[in-house]
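Worksheet for the structure shown next.
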Amino acid sequence: MSEPDPESVHTETASGSAGTDPEPVFDPASDPGFAERHGVLTRGYGHRPDPEDPAKVQAMPIVLHIPKVDPPARSAVLEAAATATVALCFDPRVGPGPDGEPGPWQEPFLAWNDARIRKVARRARGAHWRAAQDVDGVTVDHAGAQARVFVPGPVGELDPRISRLQIGGTDLPHDDPPPPADGVPVLWVQKDLEMTVGKAAAQVGHAAMLFAGALDVDTARAWASDGFPCAVRDADEATWHELLARVEAGTAVAVRDAGFTEVAPGSITVIAVPGTVDERA
């Protein structure tokens with residue numbers, strides 16, 4: 001991957017409730033903790049079993065802004081969700097601070113990443129969307145679409161401003177976006193699975209994490225400096241077979257779903273590939 005289009009995405013972060021500490025300055029080029037946070041993604045996840053109490057299962061909430069009037073394009077929503085997910089994973093607050101002490105989000109983030117990671121996407125509009133901005137997380141505004149990803153935690157302790165939001169009931173039609181910009185990684189969604197936009201948002205977020213973890217740290221740092229731009233596209237049957245071959249060859253990364261919702265366990269839902277300028281995985 002080389003020279004992703006820096007104009008393809010605008011990332012905004014929000015630190016939580018009004019009156020909390022200012023957001024940390026995040027300059028990947030000079031951030032001493034970047035390599036450590038990248039290492040968390042590189043070593044993977046699922047290092048311990050789920051707790052016996054279902055309320056203590058860890059999940060990362062995602063909220064998609066889908067207004068009734070003039071809703072955004074499906075591909076743009078998914079791109080915003082993917083970028084927001086990986087941006088939160090590299091946020092300085094999920095790692096140790098300059099003094100070596102844990103950042104405010106480090107403990108819950110590592111507790112989630114060390115388990116069988118789950119993401120749950122909801123939709124919001126109007127006042128509910130605005131209220132969600134006061135819950136700790138990262139918002140991405142991209143191509144007319146907005147998504148916010150929140151600090152993970154036990155599903156039984158989810159902030160009521162998020163838990164009251166609807167998980168299903170709203171979907172977006174498949175659209176036909178232009179070809180991805182050169183150098184921007186592409187997250188290919190298996191269209192035949194007919195996932196809802198919420199399910200697909202969780203899957204592309206997972207794909208962005210796996211892709212970041214597969215990069216060497218310098219390439220990941222360059223991607224971060226450009227704001228983690230990515231493209232989400234639907235893969236038809238022929239394209240999907242080509243992508244599976246790339247996974248076998250080690251030049252692409254695949255998301256295999258656990259099968260908790262919508263798709264069968266073990267289904268490959270998304271395959272992430274580098275941008276067209278640099279075909280290395």
Side-chain angles (χ1 to χ4, degrees), residues 3-15 23 26 60-91 119-135 137-150 161-162 165-189 191 194-209 211 223-235 270 272 275-276:
E3 298 184 359
D5 178 8
E7 299 301 320
S8 64
V9 63
H10 171 62
T11 305
E12 297 176 348
T13 60
S15 59
E23 299 168 18
F26 181 29
M60 172 184 277
I62 301 172
V63 172
L64 311 174
H65 185 209
I66 305 180
K68 284 185 177 180
V69 178
D70 194 22
R74 180 186 180 102
S75 60
V77 169
L78 296 180
E79 288 164 357
T83 298
T85 299
V86 74
L88 188 141
C89 293
F90 280 99
D91 190 288
K119 301 179 184 71
V120 179
R122 291 170 163 81
R123 65 166 175 83
R125 57 173 64 102
H128 286 172
W129 170 253
R130 293 189 292 274
Q133 305 309 300
D134 290 332
V135 182
V138 172
T139 292
V140 164
D141 184 345
H142 162 65
Q146 294 176 303
R148 186 168 178 83
V149 173
F150 301 86
R161 290 168 289 187
I162 307 304
L165 301 176
Q166 187 170 333
I167 294 178
T170 298
D171 208 354
L172 294 169
H174 293 272
D175 58 312
D176 187 22
D182 283 347
V184 174
V186 184
L187 313 179
W188 290 96
V189 179
K191 188 176 181 181
E194 290 298 339
M195 293 181 287
T196 64
V197 70
K199 177 69 173 180
Q203 299 300 297
V204 297
H206 195 162
M209 289 177 59
F211 181 79
W223 190 32
S225 294
D226 288 323
F228 303 107
C230 58
V232 174
R233 298 292 184 269
D234 289 326
V270 182
T276 55

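Across all non-hydrogen atoms, the minimal contact from Trp129 to Val63 is CZ3-O, 3.6 Å. The minimum heavy-atom distance linking Ile62 with Ala81 is given by the pair CG2-CB, 4.5 Å. Minimum heavy-atom separation, Val270 to Ala207: CG1-CB, 3.6 Å. Between Cys230 and Thr83, the shortest heavy-atom distance links the atoms SG-OG1, 3.6 Å. A pairwise comparison of heavy atoms in Asp234 and Trp188 identifies O-CZ3, 3.3 Å as the closest pair. The shortest non-hydrogen separation linking Val204 to Ala82 is O-CB, 3.7 Å.
Side-chain contact between Val120 and Arg122 is present, with heavy atoms from C-beta onward closer than 4.5 Å. Glu79 has its side chain within reach of Arg233: a pair of non-hydrogen atoms, C-beta onward, lies under 4.5 Å apart. At least one side-chain heavy atom of Met209 sits under 4.5 Å from a side-chain heavy atom of Thr85. Between Pro185 and Trp223 there is a side-chain heavy-atom pair separated by less than 4.5 Å.
Below 30°, between 30° and 60°, or above 60°: for Phe90 and Phe228 the angle between ring planes is below 30°, a parallel geometry.
Considering NZ of Lys119 and NE2 of His206, their distance stands at 5.0 Å, rounded to 0.5 Å.
Applying the side-chain hydrogen bond (donor to acceptor under 3.5 Å, both in side chains) criterion to Gln166, with sequence neighbours excluded, gives Arg123.
A donor-acceptor pair under 3.5 Å links the side-chain atoms of Asp175 to the main chain of Ser75, judged by distance alone. With hydrogens and angles disregarded, no donor-acceptor distance shorter than 3.5 Å links the side chain of Arg161 to the backbone of Val135.
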Enumerate, atom names and distances included, each donor-acceptor pair closer than 3.5 Å involving a side-chain atom of residues 67-74, sequence neighbours excluded.
from  : atom 1 : to     : atom 2 : distance (Å)
Arg74 : NH1    : Asp171 : OD1    : 3.1
Arg74 : NH1    : Leu172 : O      : 2.9
Arg74 : NH2    : Met195 : O      : 2.7

